[in-house]
Participant: 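Can you read through this structure? Questions will come right after.
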There are 2 protein chains.
Amino acid sequence: MPALPPSLDSFDLAILAILQRDNTTPQRLIGEAVNLSAPAVQRRIKRMEQTGVIAGNVAVIEPAAVGQPITIFVEVELESERAELIDAAKRQFSGTPEVQQCYYVTGEADFILIITVADMGAYEALTRKLFFDSNNVRKFRTFVAMDRVKVGLTVPLPG
Amino acid sequence: MPALPPSLDSFDLAILAILQRDNTTPQRLIGEAVNLSAPAVQRRIKRMEQTGVIAGNVAVIEPAAVGQPITIFVEVELESERAELIDAAKRQFSGTPEVQQCYYVTGEADFILIITVADMGAYEALTRKLFFDSNNVRKFRTFVAMDRVKVGLTVPLPG
DNA sequence: TCCCTAGCGAAACAAACTTGCATTTGGGAG
DNA sequence: CTCCCAAATGCAAGTTTGTTTCGCTAGGGA
């Protein structure tokens, strides 16, 4: 639960820039980089975590190293866009582990999915489960990633 | 530089499952969860970082909290697919901070981009810079995200 | 059988995080 | 203009966590 409109100053932004690159950086080093004491840095981080500016702290795993070398994009178009069916789709996609990311979009498609699988057989099985067994998917277009050129959740920061 | 073929056992996978959800979890707690001592956990984490299984440790920032509330997908189709021009495109996309993710794909498009911007004006300016000023973009299709249903870099783990 | 490597746990150690407290700073209200 | 309050800081403990050391225990070859 984000608390309130958090207003970030240049210290906060500088701290975020460091943390979204490497959140194991000691507060002491962050402090030196932004000209603040370690406790001050720590209090700001804590506040940003509580207000939801920092949504999480995670290790990034190389998919290929854990047997999921294939990344696939799917544009999904639904038959019906009734709110109830949209929500059902959101829930199903969210609950599927292979669906790494899911966005509800405007334009010629309704959803865009980023999927991680071990091989094309696994993808084929997944399409059956997600799209053919659903009675609400009109069509879907598949793009297989040949190169994950740039991957991350890094956000451009002002300043 | 990934060292060598790292073979992960069930301990490693259990540790990864925890870290990709919250990498601030103390090693002591991880140890309790997987039935290992804290030093053993720490050695395994270190090894996976050195071999590239763990690609990074990052804080996830809420884009809306830092003035980048709009997420946009772009399918980019190039005029020419000469290797040299592909590489040039990869470099330009990678070097653009607003391009959060960039994938080189098969199918009806050559690239898929995920872009983060403050408003549609910023997106319009970015399209000019990335697509119109480039002489190698045949066309591009834009999808604006209305809902970031599921966002992350979480990978499904075997076991 | 012997040795050798890899991995473990317990404990000692070092580093980082966290908290309490006094101080400073920047605004309003009187 | 002065006073007072709220917010944020730095410093210095105190606590937790991370890291290293060490001796031990398998598990494989030679």
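To find a chain, count down the sequence lines: A is the first, B the second, and so on, and within it residues start at 1.
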Participant: C:dG7 P sits how many Å from B:L8 CG, rounded?
Facilitator: 12 Å
Participant: Expressed in angstrom and rounded to an integer, what is the separation of B:N23 atom CG from D:dT17 atom C1'?
Facilitator: 14 Å
Participant: Between protein and nucleic acid, restricted to nucleotides 17-20 of chain C and to nitrogen or oxygen atoms under 3.5 Å apart, what atom pairs and distances do you find?
Facilitator:
{"residue": "C:dC17", "atom": "OP2", "partner": "A:Q27", "partner atom": "N", "Å": "2.8"}
{"residue": "C:dT18", "atom": "OP2", "partner": "A:Q42", "partner atom": "OE1", "Å": "2.6"}
{"residue": "C:dT18", "atom": "OP2", "partner": "A:Q42", "partner atom": "NE2", "Å": "3.2"}
{"residue": "C:dT18", "atom": "O5'", "partner": "A:Q42", "partner atom": "NE2", "Å": "3.3"}

Participant: Find the distance B:I30:CD1 to D:dT19:P and express it as a whole number of Å.
Facilitator: 11 Å
Participant: Atom CZ of A:F11 and atom P of D:dG10: how far apart are they, to the nearest Å?
Facilitator: 8 Å
Participant: Rounded to the nearest 0.5 Å, how far does CD of B:E77 lie from CG of B:N136?
Facilitator: 11.0 Å
Participant: Return the value, rounded to whole Å, for the distance between atom CD of B:E32 and atom P of D:dT17.
Facilitator: 10 Å
Participant: Tell me which one of A:Y103, A:F111, A:F143 satisfies ring pair (Phe, Tyr, Trp, His ring centres under 6.0 Å) with B:F73.
Facilitator: A:Y103
Participant: Side chains of A:I70 and A:Y123: closer than 4.5 Å at any heavy-atom pair?
Facilitator: no
Participant: Round to a whole Å and report the spacing from CG of B:D12 to C1' of C:dA6.
Facilitator: 14 Å
Participant: I need the single residue from A:V155, A:L153, A:T154 that forms a side-chain contact (heavy atoms from CB on, under 4.5 Å) with B:V60. Which is it?
Facilitator: A:L153
Participant: Take atom CG of A:L36 and atom P of C:dT25, then tell me their distance rounded to the nearest Å.
Facilitator: 15 Å
Participant: Between B:R44 and C:dC8, is there a contact of a side-chain N or O with OP1 or OP2 at under 4.0 Å?
Facilitator: yes
Participant: Looking at B:D12 and B:R47, is any side-chain nitrogen of the basic one under 4.0 Å from a carboxylate oxygen of the acidic one?
Facilitator: yes
Participant: Within a reach of under 6.0 Å around CG of A:N135, are more than 12 heavy atoms found that belong to other residues, nucleotides or ligands?
Facilitator: no
